[in-house]
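For the numbers below, each heavy atom of this structure counts, side chains included, while hydrogens, waters and symmetry mates do not. Just so we're on the same page: letters track the sequence lines, and every chain starts at 1. Because the structure is a prediction, the values reported are computed rather than measured.
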There are 2 protein chains.
Amino acid sequence: MSEQRRARLRLEISREAARLFWEQGVAATSGDQIAEAVSLSTRTIWRHFRSKESCAEPIVMQGVVTLMTVLRSWPRRSSLEDHLTTELTRLRLGHQTPPVDLADEMLAMKMIRLADTEPALRTAWLMAYDQVERAMCVIIGDRLERPADDLEVRMHAAGAAAAVRVLEEHIGAAVLAGADVTQFTDVTAVSRRFAHAIRTATGGVVGDPVA
Amino acid sequence: MSEQRRARLRLEISREAARLFWEQGVAATSGDQIAEAVSLSTRTIWRHFRSKESCAEPIVMQGVVTLMTVLRSWPRRSSLEDHLTTELTRLRLGHQTPPVDLADEMLAMKMIRLADTEPALRTAWLMAYDQVERAMCVIIGDRLERPADDLEVRMHAAGAAAAVRVLEEHIGAAVLAGADVTQFTDVTAVSRRFAHAIRTATGGVVGDPVA
DNA sequence: TTGCACCGTGTCACTTAGTGACGTACTGTC
DNA sequence: GACAGTACGTCACTAAGTGACACGGTGCAA
């Protein structure tokens, strides 16, 4: 089974699981229900996810993987702000890599919101960002010309990941609370916020162009 | 049941659970086994812990709570380094507040190590630091004279917590790998490391004395 | 001392998350 | 068109966790 196909299936399951979690709560939705919602056997669900909560991971990861992909292509010569704005506008304009479905983004925000009160989902959310942290390690290690498991690199990566996570939580909460969504569609403004978060969380070490 | 008594019981359960997790792996130890090890009924275990993995939380939190307590008493006029060194030496000398049993510290490190390979324990470890993050929010918010749920405060808190976590992971791994333990008994050196971690993770905003 | 209320724990029955074993059907390849 | 690989379904099973209720200890008032 191709990596892509597997990812798509996981996402599809995740979508239905998230919807059910939101509509009736995590505890109240059973594995059987999720299985039925995606027309699969329950056994197959557990073959693709190690636990019920982790069914939420793909949907919350979706928005994050774009950011990660963008960061991976960050050239040494440009600043974080510049790179984010150019790449994000490119993604927004040329739809060849459809960033993320809007409904999916809403679903992700709902999961983050649920994670506030449901410890089971909180673990899933934190585990998702644990992945982000690992990805950050190689990105930052690469930029600082140090091994990815270097202590300082790991600390910077952890800080950056945590800052991004909190920013994401904040945005999600704001949108769900009915805030003006247009402020999050301004690519330059959003880029600046993420860049600023990463900069300060790494003590200014990550953000500037490097030789 | 007094808060303290409840905490002590949780810690006792956690101790045995951690020992079993380390000796035979998480999957291989059952709730019944943990219960038997502390001479309680299985039902009582689930009354004190929401899941098997979370049994590890108190033991890994133990070392962290000292740091948190110390941070809570951080006076505005002193720098982070100074306060940490003075408080930690005071703790080390005056044993009236027994910091943490050495065996417990070793156990905690083992759990952190296990968390590297066992996703179930990783969630517990991350959840423990989620608590740290919340505590950091009020400490930093207080210091910056802002509400604890302010976005910037939360980002700084998240960064600081993450940095401390990685440092803790690093120290744990080093000790278990047989590194020279004496370098971690030098209070000033350790204080400097933690202070430096928090400083850079907060972009230098948290660390200096404030008016 | 008796009586009462409270609460932490044990017992037992029950639900459900998650796994192992095996059969089947689909897919691509020679 | 036979064959290997593998994703999925079925079924039986283990174990994590919960609900309901009974028991026993502690504190307090009469």
Side-chain angles (χ1 to χ4, degrees), chain A residues 1-21 23-58 111 114-115 117-125 127, chain B residues 1-21 23-58 111 114-115 117-125 127:
Chain A
M1 195 176 198
S2 81
E3 199 56 38
Q4 239 193 11
R5 193 167 135 58
R6 184 179 170 82
R8 259 215 314 278
L9 179 54
R10 278 175 56 90
L11 183 61
E12 210 166 312
I13 296 172
S14 185
R15 205 148 21 210
E16 290 304 305
R19 188 180 53 78
L20 290 168
F21 287 166
E23 286 174 2
Q24 31 178 343
V26 182
T29 93
S30 65
D32 290 7
Q33 248 177 102
I34 299 172
E36 197 184 356
V38 287
S39 307
L40 285 174
S41 79
T42 311
R43 186 65 182 87
T44 302
I45 302 294
W46 304 135
R47 266 196 263 264
H48 288 276
F49 293 94
R50 68 176 187 291
S51 67
K52 192 171 72 171
E53 317 88 75
S54 69
C55 289
E57 279 175 24
M111 289 305 99
L114 261 193
T117 53
E118 302 246 22
L121 273 193
R122 185 86 196 155
T123 62
W125 175 234
M127 282 297 267
Chain B
M1 194 178 201
S2 81
E3 199 57 39
Q4 237 194 9
R5 191 167 138 59
R6 183 178 172 82
R8 260 215 313 279
L9 179 54
R10 277 174 57 89
L11 183 62
E12 210 166 312
I13 296 171
S14 185
R15 205 149 20 210
E16 289 305 304
R19 188 180 54 78
L20 290 168
F21 287 166
E23 286 173 3
Q24 30 178 347
V26 182
T29 91
S30 65
D32 290 8
Q33 250 178 97
I34 299 173
E36 197 184 355
V38 288
S39 307
L40 285 174
S41 79
T42 312
R43 186 63 182 88
T44 302
I45 302 294
W46 304 135
R47 267 195 262 264
H48 287 276
F49 292 94
R50 69 177 185 290
S51 69
K52 192 171 71 171
E53 317 88 74
S54 69
C55 290
E57 278 175 24
M111 288 307 98
L114 262 191
T117 53
E118 302 247 23
L121 272 193
R122 186 86 196 154
T123 61
W125 176 234
M127 283 297 269

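In this structure, A/I13 places its CD1 atom 12 Å from C1' of D/dA7, rounding to the nearest Å. To the nearest angstrom, P of C/dG10 lies 13 Å from CD of B/E36. Atom CG of A/L9 is separated from atom P of D/dT6 by 17 Å (rounded to the nearest Å). Taking atom CD1 on A/I45 and atom C1' on C/dG18, their separation rounds to 12 Å, with Å as the unit.
Among residues two or more places apart in sequence or in another chain, the salt bridge (Lys or Arg N to Asp or Glu O under 4.0 Å) test is passed with A/E23 by A/R19. Residues meeting the side-chain contact (heavy atoms from CB on, under 4.5 Å) test with A/T42, sequence neighbours left out: A/D32, A/A35, A/W46. With sequence neighbours left out, the side chain to side chain donor-acceptor pair (under 3.5 Å) criterion links B/R8 to no other residue. Annotation: salt bridge (Lys or Arg N to Asp or Glu O under 4.0 Å) contacts of B/R10 (sequence neighbours excluded): none. For A/R43, there are no side chain to side chain donor-acceptor pair (under 3.5 Å) partners two or more places apart in sequence or in a different chain.
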statement: In B/S/- notation (B base, S sugar-phosphate only, - none; protein heavy atoms under 4.0 Å), nucleotides 16-28 of chain D written 5' to 3' is SBBB---------
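Side-chain contact check for A/E53 versus A/M127: every heavy-atom pair is 4.5 Å or farther apart.
For C/dT9, the OP1/OP2 oxygens have a side-chain nitrogen or oxygen of B/H48 closer than 4.0 Å.
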